[in-house]
Protein chains: 2
Amino acid sequence: MKTDTREKILSAGASIVLHKGFNHTGIQEILKASGVPKGSFYFYFNSKEDFGLELIDFYQKLISSGVEKYGRNKPDDPVSKLRQMFEWSFKVLEQNNYKGGCPIGNLSLEMADINENFRIKLSESISMIKNRIRELIEQAKQQNLLDGSLDAQMLSDFIFSSWEGTLLLMKVSKSTAPQESFFTVLFQTILQPFSRAVKNEAS
Amino acid sequence: MKTDTREKILSAGASIVLHKGFNHTGIQEILKASGVPKGSFYFYFNSKEDFGLELIDFYQKLISSGVEKYGRNKPDDPVSKLRQMFEWSFKVLEQNNYKGGCPIGNLSLEMADINENFRIKLSESISMIKNRIRELIEQAKQQNLLDGSLDAQMLSDFIFSSWEGTLLLMKVSKSTAPQESFFTVLFQTILQPFSRAVKNEAS
């Protein structure tokens with residue numbers, strides 16, 4: 001029962017914070033949206049900060065399970081898996097009329113400078129995502145789907161950054177164009193060096 | 001005199017909003033930091049929103065003049081000019097102990113969904129930056145510094161996104177590593193297709 005109510009508060013809070021930011025969201029607002037009686041917040045969380053830190057885990061799980069569900073019954077080679085991570089996030093953003101974006105990226109910009117506990121927790125969350133990207137690139141290299149000389153560590157930084165920036169650009173332009181630029185440059189230039197080399201050679 | 005005081009308020013506000021976000025910053029706080037008497041804010045701005053919209057122009061000018069100053073007496077071919085835009089921004093971030101980041105990116109994530117006037121103004125500001133990137137790539141293509149087949153429009157989206165994401169990642173990790181990944185992937189893979197093609201051919 002206690003767990004259910006906690007989840008309800010986190011779930012309602014996740015949606016509001018995604019759209020309004022953490023500092024701009026009030027506890028009463030979250031309780032109202034979750035249908036939990038006023039004043040019971042501190043029965044479930046020690047503080048608003050404590051709630052926010054748990055929210056980061058909550059978002060992380062939402063992302064993992066969303067990507068996993070989206071990729072079911074789709075090609076499961078590592079390059080396709082990588083593509084599906086991005087496709088899923090862009091699809092969610094489109095479904096939300098380009099509102100919200102990446103909760104981890106949003107909280108990073110909002111909180112990294114003003115709360116060290118948030119910053120550390122967000123860094124850990126980002127490392128998990130970057131590790132997943134690195135792992136898929138390593139697997140793709142092993143399976144000769146990508147050039148073996150690619151630096152997976154460096155690329156995981158770069159690709160995570162490009163992805164976050166693309167979500168930002170889609171959110172502010174309310175347009176799908178940045179997504180097309182992302183897929184084209186990433187999969188036709190950065191992650192297709194062999195075919196590109198051949199193309200340049202032939203032209 | 002009126003202009004001076006306006007500038008003082010904008011300048012003090014720019015620094016506070018960069019670090020705390022727009023919604024989290026109070027008008028009294030800005031006035032205090034700028035040494036302007038309490039209560040005189042509405043003599044200079046119609047509303048907090050009006051102030052925020054002017055702040056976007058103020059940031060845009062800061063960026064342009066910062067990049068321009070940084071690039072003086074440095075190589076002025078278009079590829080170097082492009083690199084200097086990024087170098088300048090990373091240098092500023094490092095000097096600020098990885099706090100702050102890109103004011104335009106920060107405000108985009110914070111405000112794009114909740115205030116349409118901000119969103120439009122931020123989009124215009126981002127378009128100006130992307131146009132500058134596109135222009136430099138076009139010039140580099142014309143001077144045979146870059147592969148003529150590169151799609152400058154698409155690359156301006158992609159590079160802007162990667163740049164913003166890199167600033168985000170530096171801000172949250174308080175580290176310079178994402179910057180190195182950015183320069184390496186951007187200038188050795190994306191914007192150096194000829195040398196890469198030759199390298200692949202030779203190996």
Measuring from atom [atom1] of [X] to atom [atom2] of [Y], what distance do you get when rounded to the nearest 0.5 angstrom?
X	Y	atom1	atom2	answer
B:F158	A:L186	CZ	CG	5.5 Å
A:D157	B:L169	CG	CG	5.5 Å
A:L168	B:I126	CG	CD1	6.0 Å
A:E180	B:D151	CD	CG	11.0 Å

N/O donor-acceptor pair under 3.5 Å between B:S123 side chain and A:V172 backbone: yes

Minimum side-chain heavy-atom gap B:I190-A:V185 below 4.5 Å: yes

Partner chain A: residue of B:T166, B:L155, B:I159, B:L167 with the largest heavy-atom pair count (under 4.5 Å): B:T166

Tell me which of these, [options], has more heavy-atom pairs under 4.5 Å with chain B than the rest.
options	answer
A:K130, A:M154, A:Q153	A:M154
A:S161, A:G101, A:G165	A:S161
A:S127, A:S162, A:S156, A:G21	A:S162

Residue A:K8 excluded, over 12 heavy atoms near NZ under 6.0 Å: no

Whether over 12 other heavy atoms sit under 6.0 Å from A:K74 NZ: yes

Which atoms of A:H24 approach chain B - backbone, side chain, both or neither, heavy atom under 4.5 Å: side chain

A:K174 versus chain B, the contacting section by heavy-atom distance below 4.5 Å: both

Heavy-atom contacts under 4.5 Å, residues 104-122 of chain B to chain A: B:G105, B:N106, B:S108, B:L109, B:A112, B:D113, B:I114, B:R119, B:L122

